Amino acid sequence: MATNPVRLNPHDAGRLRSELSAVDHLMLRGEANPRLRSGFISVEILDNQPDWDRFRARAEDVSRRVLRPRQKVVVPVLPTAAPRWVIDPEFNIEFHVRRVRVPGPGTLRELFDMAEVMLQSPFDIARPLWTATLVEGLTDGRAAALLHLSHAVVDGVGSVKMFAPIYDLERNPPAEPTPPQPVPQDLSAKELMREGVARLPGVFASGVRGALSTIGRAARDPAATVTGVVGYARSSARILQPAAGPSPLLRSRGVATRTEALDMELHDLDQAAKACDGSINEVYLAGLCAVLRRYHCAFGTAISTLPMVVPVNLRTEDDPTGGNKFAAVGLAAPVGAPDPAERIHQIRAQMTRRREEPAKGLIGAVAPALSMLPTPVLVQLMLRSAAASDVLATNIPLYSQDTYLCGAKVLRQYGFGPMNGTAVEFALVSRGGMCTITARYDRAAVQRERLFAQCLLEGFNEVLALAGEPAPCAVPASFSARDPTSSTRLVAMRDRPRGIPAGQS
């Protein structure tokens with residue numbers, strides 16, 4: 001055993017900014033509508049049941065190291081200042097760290113359904129925006145850890161660094177001393193408003209200096225300035241224009257959701273990517289297109305494309321760890337192309353063009369203006385914008401090595417992301433040499449659940465077959481690919497022959 005504590009990030013989790021960006025605040029305000037709730041949950045499957053006191057103590061420890069888990073949002077009465085993160089003077093770890101038992105028979109299906117209920121519940125904005133739940137009673141003596149987090153806290157990529165101190169690199173490393181308790185900050189909404197009023201002269205002066213500087217640059221090179229403005233305006237128009245017409249099958253929207261999942265080895269996905277000279281992300285998106293093509297064909301509805309949104313990370317090493325730094329890239333997903341290699345080619349071409357758009361960060365540019373709108377008006381605009389996309393697809397690479405949580409090894413991690421008004425939200429999570437693909441869908445849009453689960457499995461087996469013979473196979477994480485009323489079993493893919501669905505080993 002090592003003589004020093006072994007953590008992914010033992011000293012700090014990066015710099016945190018005290019003010020919410022306009023984008024972060026928009027996500028928080030979206031909580032007013034069930035279809036726009038921005039929370040996400042990581043579902044981690046553990047090989048044994050951690051000690052409860054140790055689990056609770058780890059949460060307390062991380063809240064002192066990272067700080068954001070101890071901070072709540074204070075919003076000024078009037079918009080004279082940006083909302084601010086402050087250390088909650090009434091912070092109570094007992095509210096945020098919970099212990100439950102999954103309903104019998106303790107399978108992945110029951111766990112997923114439990115996570116769905118959590119994810120559809122709004123956060124209490126008077127408290128820090130997170131909960132951590134230890135779920136006991138899973139089959140084979142396993143357990144699960146569910147971290148429910150508001151997107152206003154951090155995006156998926158940022159969370160990898162922010163919450164690295166939770167995990168160990170060995171099962172039982174020596175204990176570390178608990179950091180000192182952070183000093184609470186008792187700041188009211190009225191006080192923040194008054195602080196903003198007091199700073200207005202300085203903010204105004206800074207704005208004037210910035211405007212004069214911009215005017216000076218324009219005067220020195222007016223042709224370049226005009227070209228840049230026109231180019232940005234044209235790029236904005238392309239960004240705002242829907243990438244494709246909506247699917248006739250996925251038009252309905254409701255508030256009830258369900259999640260299916262697949263397991264596969266990262267090596268298999270990587271081999272499929274290398275076989276067609278593509279990236280893992282391109283193969284993943286091509287797999288999603290295969291899923292959606294099969295689902296539509298089963299209804300006799302042939303479509304060539306549908307609108308898909310792919311978040312692209314804009315975070316740099318110099319950016320604060322918290323908050324959101326991404327661009328929403330719109331694709332005309334080539335679901336009609338039967339050849340997976342051709343789909344990958346089309347996806348690559350579109351992603352390349354979209355990444356090069358000058359206005360790809362448009363949401364950050366317009367967020368300050370949108371934040372001034374009344375919440376009912378803002379929610380309607382957000383819903384209208386969301387209706388332009390059928391599918392949201394995220395890809396979060398996590399830790400490449402084996403990781404442990406309070407003495408339990410993390411076997412899998414499933415990502416339950418926000419729907420953002422779309423019909424289906426897909427998430428690829430890679431960790432410790434394994435991949436999981438979750439498909440969280442609106443049950444009003446996807447009503448043939450058994451069919452959709454089967455299409456999910458067959459669509460990814462199609463792209464994995466690019467690696468050649470013998471073709472690797474994805475493994476359904478639940479029985480619903482065969483029977484939507486069946487329960488699930490937690491059986492590691494590497495422990496059973498390839499191609500045998502979970503529960504049949």
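As the structure is a prediction and not an experimental result, all values here were calculated from the model.
- Side-chain atoms of Q350 do not come within 3.5 Å of backbone N or O of I347 as any donor-acceptor pair.
- The minimum heavy-atom distance linking A367 with L26 is given by the pair CB-CD1, 3.7 Å.
- For F426 against V391, the heavy-atom pair with the smallest separation is CD1-CG1, 3.6 Å.
- Listed by chain and residue number, Y295 satisfy the ring pair (Phe, Tyr, Trp, His ring centres under 6.0 Å) test with F299 (two or more places apart in sequence, or in another chain).
- In this structure, the side chain of R171 engages the main chain of G407 through a donor-acceptor pair within 3.5 Å.
- Take P50 and apply the side-chain contact (heavy atoms from CB on, under 4.5 Å) test, not counting sequence neighbours, and it matches L46, L134, A143, C406, A408.
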**Asked** Please walk me through it: do D442 and V446 pass side chain to side chain contact (heavy atoms under 4.5 Å, CB included)?
**Response** CA-CA 6 Å; D442 188 318; V446 178; over 6 Å; no

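- For the pair R253 (side chain) and R251 (backbone), a donor-acceptor distance under 3.5 Å is present.
- Scored by the side-chain contact (heavy atoms from CB on, under 4.5 Å) test, E116 finds Q120, T257, T259, F416, R440 as partners (sequence neighbours excluded).
- Within the structure, side-chain hydrogen bond (donor to acceptor under 3.5 Å, both in side chains) pairs that include any residue of residues 93-102 comprise R56-E94, R99-E136 (at least two apart or interchain).
- Proximity of R65 to P179: side-chain heavy atoms (C-beta onward) are separated by under 4.5 Å at one or more points.
- T438 contributes a side-chain N or O that, together with a main-chain N or O of G415, makes up a donor-acceptor pair within less than 3.5 Å.
- Between C455 and L451 the shortest side-chain heavy-atom distance falls below 4.5 Å.
- Without hydrogens or angle criteria, T403 side chain to Y399 main chain gives no donor-acceptor distance under 3.5 Å.
- Nearest approach of A244 to L306, heavy atoms of both residues: CB-C, 3.8 Å.
- Ion pair K409/D402 flagged as a salt bridge, since at least one NZ, NE, NH1 or NH2 atom sits closer than 4.0 Å to an Asp/Glu carboxylate oxygen.
- With sequence neighbours excluded, no residue forms a ring pair (Phe, Tyr, Trp, His ring centres under 6.0 Å) with Y404.
- At a cut-off of 3.5 Å, with distance as the only test, a side-chain donor of H296 or S247 sits close to an acceptor on the other residue.
- In this structure, CG in L392 is found 5.5 Å from CD in E425, a value given to the nearest 0.5 Å.
- Checked by atom type and distance alone, the side chain of Y284 pairs as donor or acceptor with a backbone atom of T394 at under 3.5 Å.
- Here D270 contributes atom CG and L266 contributes atom CG; the two are 6.0 Å apart, rounded to the nearest 0.5 Å.
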Next item on the list: In sequence, state the C-alpha distance, the side-chain angles, and the governing distance for L262 and F460, and then conclude on side chain to side chain contact (heavy atoms under 4.5 Å, CB included).
Entry: CA-CA 9 Å; L262 295 176; F460 274 93; 3.9 Å; yes

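- In this structure a side-chain-to-backbone donor-acceptor pair under 3.5 Å is present from W130 to P69.
- Under the 4.5 Å side-chain criterion, counting only non-hydrogen atoms from C-beta, T133 is not in contact with H148.
- In this structure, D47 does not pair ionically with R142, as no charged nitrogen and carboxylate oxygen lie closer than 4.0 Å.
- Rounding to the nearest 0.5 Å gives a distance of 10.0 Å between CD1 of I344 and CG of D277.
- At a threshold of 4.5 Å between non-hydrogen side-chain atoms, the residues T436 and Q413 do not count as touching.
- Salt bridge status for D24 with R17: absent, with no side-chain N to carboxylate O gap under 4.0 Å.
- The closest side-chain heavy-atom distance from E260 to Y441 is below 4.5 Å.
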Apply side chain to side chain contact (heavy atoms under 4.5 Å, CB included) to the pair V283 and I280, showing each step before the final yes or no. CA-CA 5 Å; V283 171; I280 287 178; 5.8 Å; no

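- Legend: residues meeting side-chain contact (heavy atoms from CB on, under 4.5 Å) with P418, ordered by chain and number and at least two apart, are F40, H151, N420.
- Between R315 and D155 there is a salt bridge, with a side-chain nitrogen of the basic residue lying less than 4.0 Å from a carboxylate oxygen of the acidic one.
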Given side-chain hydrogen bond (donor to acceptor under 3.5 Å, both in side chains), test Q401 with Y167 step by step and report yes or no.
CA-CA 11 Å; Q401 64 273 71; Y167 305 104; over 6 Å; no

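- Under a 3.5 Å cut-off, the side chain of T305 and the backbone N or O of P334 do not form any donor-acceptor pair.
- Using a distance-only test at 3.5 Å, with no hydrogens or angles considered, no donor-acceptor pair links the side chain of E282 to the main chain of R348.
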Go through it in stages, so that I can follow the logic: the residues are E458 and R293, the test is salt bridge (Lys or Arg N to Asp or Glu O under 4.0 Å), and I'd like the CA-CA distance, side-chain angles, deciding distance and then a yes or no. CA-CA 11 Å; E458 293 174 354; R293 178 175 61 84; over 6 Å; no

TODO: Decide yes or no on side chain to side chain contact (heavy atoms under 4.5 Å, CB included) for D113 and L111, but give the supporting numbers first.
DONE: CA-CA 5 Å; D113 291 344; L111 179 65; over 6 Å; no

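- At least one side-chain heavy atom of I396 sits less than 4.5 Å from a side-chain heavy atom of V160.
- Taking 4.5 Å as the limit, some side-chain heavy atom of L269 sits within range of a side-chain heavy atom of L428.
- Panel note: side chain E31, backbone L28; no donor-acceptor pair is recorded below 3.5 Å.
- With respect to the salt-bridge test (charged N to carboxylate O, under 4.0 angstrom), the residues E462 and R294 qualify.
- With respect to the salt-bridge test (charged N to carboxylate O, under 4.0 angstrom), the residues E449 and R258 qualify.
- Expressed to the nearest 0.5 Å, how far CG of N281 lies from CG of N395 amounts to 4.5 Å.
- Of all non-hydrogen atoms in S38 and A152, the two that sit nearest each other are OG-N, 4.4 Å.
- Here R343 contributes atom CZ and C276 contributes atom SG; the two are 10.5 Å apart, rounded to the nearest 0.5 Å.
- Taking both residues in full, the closest heavy atoms of V102 and G137 are given as CG1-O, 3.5 Å, listed atom of the first, atom of the second, then distance.
- Separating the CG atom in L250 from the CD atom in Q447 is a distance of 10.5 Å, to the nearest 0.5 Å.
- Between A393 and P311, the closest heavy-atom pair is O-CD, 3.1 Å.
- The pair E60-R70 meets the salt-bridge criterion, since a charged nitrogen lies less than 4.0 angstrom from a carboxylate oxygen.
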